[in-house]
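Computed from a predicted structure; not experimentally measured. Numbers restart at 1 for each chain; the letters A, B, ... are given by sequence-line order, proteins then strands. Values reported hereafter were calculated over all heavy atoms of this structure, with side chains retained and with hydrogens, waters and symmetry mates removed.
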Protein chains: 2
Amino acid sequence: MTTSTGSIPAAAATPSRRELNKAATRQAITDAALSLLRSHGPGSFTVEDIADTAGISRRTFFNYFSSTDAALAAVTHGFLDNAIQQFRLRPADEPILQSAQAALMALADPMTVAPLAELFTLTQQSTLMSHSELQAWEHCTEQIIAVARERVTGAAEGVDELYVRALAGAVISCGKAALEVWFTRRGADLSPASLAELRQLLIDSMALLGSGFTAGTSPASRSTSSASVSS
Amino acid sequence: MTTSTGSIPAAAATPSRRELNKAATRQAITDAALSLLRSHGPGSFTVEDIADTAGISRRTFFNYFSSTDAALAAVTHGFLDNAIQQFRLRPADEPILQSAQAALMALADPMTVAPLAELFTLTQQSTLMSHSELQAWEHCTEQIIAVARERVTGAAEGVDELYVRALAGAVISCGKAALEVWFTRRGADLSPASLAELRQLLIDSMALLGSGFTAGTSPASRSTSSASVSS
DNA sequence: GGAAAAACTTGCTCAGCGTGCAAAGTTGCA
DNA sequence: TGCAACTTTGCACGCTGAGCAAGTTTTTCC
């Protein structure tokens, strides 16, 4: 089928007309969803509204996403896929926490964070995260588990499932915590100073994890320095 | 009317007829939902089915729960509320990780774990957790954050939000990881040996967190002993 | 004890969701 | 050019979740 140009439908080129159309439609849908979110607020528009705005039928929308939430969560999904990609690029012998920190550093630039920040501020008022968004984080956790399992397998045959799952979950939780604190502090502020603070929060959260949260009752000694895990 | 038995509608006695009826209806709904889950499997029955089984109208169901998932998640909610209650009972000067571990120990008995274990095994095949279930965990995280914030406030005025949120999220993640590993290993096995393993997994996961996951590439040295945090 | 008030249940209705199906329209390949 | 594969779309259908108003039960107050 795909024998025309490349070999494996991997990363760079996918020039098939069909693939391009699908990608464009997908993008049109998320754009429409975001646009409606901006103008109407969360929960105040229907799938039909999105479909109309994107110039497709309601039925076609469901060929791409299973709900409005899912369309919006594409933003989060994109961000986290990016994070995992960075994470996989780290050397296999590096401590996992350090890899996680490095991967997160690579994402704290305006272009990458901006969509997530906007989505977050726009949906903030509706208390809890949507189903699809939580799924996206869960999916990311699974990916980290997979990577961690590979790395630990190198050392011992019987992989310690608890170690791997607890670590992955903790990393995600701490990353989420850093993002939450940043969002509540700075809103959608993407200035260099704000992004520097985000980076510091991410570093601090990984440091907390790496030190077993021993800093306990003396937060002053930690919140200003980048602590031990930093590169 | 209500003067016969109790005095204050606080904790123990709430003999009001209405409260009793509501509690009974609520219980009937979750029982019906669980029963249908057992007989039909997840996602194979409707709200109307539950309402019929519970002997109420569809409309009344929605007065109690917002979805089938929510009715089933009542089990998880009950378990986690119990956990938080235990957690709050711990002395305020105890390290949080130790409090968490102690609270978890108090829950690793057959009567408490059984409903959760059954729910988990019955819904296991449908991959991801339901929305309401995830909400229950999220709610528990918020509770831990609240407790942690109170405790840290005793030491410093400007509470470190990152510390509190990262810690609470990590604790929940590790607890979840321990439960997941236990479920996948032992299924719905509630034998003393299995519960002892659950307790050990919970202790180990908290120990991992307390040690900053430094055990890294030598799982053998940890999985057999109860490590440093144990009481 | 009895009537008014408050709380709860229920049936009706309705917009919206998510999916199966088959017809119509596109794209890929020879 | 024409066939095969894929995609879009309209239609239909059962289910969801919530508002509303009329009935029923419990509580309260005299």
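- The closest donor-acceptor contact from the side chain of A:Ser35 to the backbone of A:Asp31 lies at 3.5 Å or more, if one exists at all.
- A:Gln135 and A:His139 form no side-chain donor-acceptor contact under 3.5 Å, judged by distance and modelled atom types alone.
- No hydrogens or angles considered: a donor-acceptor pair under 3.5 Å links the side chains of B:Gln200 and B:Asp204.
- Atom NE2 of B:His131 is separated from atom C1' of D:dT16 by 14 Å (rounded to the nearest Å).
- A:Ser57 and A:Thr60 form a side-chain donor-acceptor contact under 3.5 Å, judged by distance and modelled atom types alone.
- One side chain, B:Ser191 or B:Asp189, offers a donor N or O that lies under 3.5 Å from an acceptor on the other.
- Using a 4.0 Å cut-off between charged side-chain N and carboxylate O, A:Arg165 and A:Glu142 make a salt bridge.
- In the interface, the side chain of A:Arg17 is not paired with the base of C:dT27 through any donor and acceptor atom under 3.5 Å apart.
- Put simply, the side chain of B:Asp160 does not reach to within 4.5 Å of the side chain of B:Val164, judged on heavy atoms.
- DNA chain C is contacted by both A:Arg18 and A:Thr46; A:Thr46 maps to the nucleotide lying nearer its 5′ end (nearest heavy atom per residue).
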Note, DNA chain D 5' to 3' with Watson-Crick or G-U pairs under 3.5 Å encoded as ( ), [ ], | and . gives ||||||||||||||||||||||||||||||
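- Rounded to whole angstrom, the span from the CD atom of B:Glu19 across to the P atom of C:dA6 amounts to 17 Å.
- Atom pair A:Asp52:CG and C:dG16:C1' shows a separation of 14 Å (rounding to whole Å applied).
- Nucleotide C:dT27 holds its C1' atom 9 Å from the CG atom of A:Asn21, rounded to whole Å.
- The residue from A:Phe79, A:Phe183, A:Trp182 that alone fulfils the ring-ring contact (aromatic ring centres under 6.0 Å, His included) condition with A:Phe120 is A:Phe183.
- Residues of residues 57-67 of chain A having a heavy atom closer than 4.0 Å to DNA chain C, listed by number: A:Arg58, A:Arg59, A:Phe62, A:Ser66, A:Ser67.
- Taking the ring centre of B:Phe87 as origin, the terminal cationic atom of B:Arg151 falls inside the region bounded by 6.0 Å and 45° from the ring axis.
- Within the structure, a side-chain polar atom (N or O) of B:Ser16 is placed less than 4.0 Å from OP1 or OP2 of D:dT27.
- B:Ile56 places its CD1 atom 18 Å from the P atom of D:dT24, with the value rounded to the nearest Å.
- Note: CG (A:Asp49) to P (C:dA15) measures 14 Å, nearest angstrom.
- One interatomic measurement links the two molecules: CD of A:Glu48 to P of D:dT9, which rounds to 13 Å at whole-angstrom precision.
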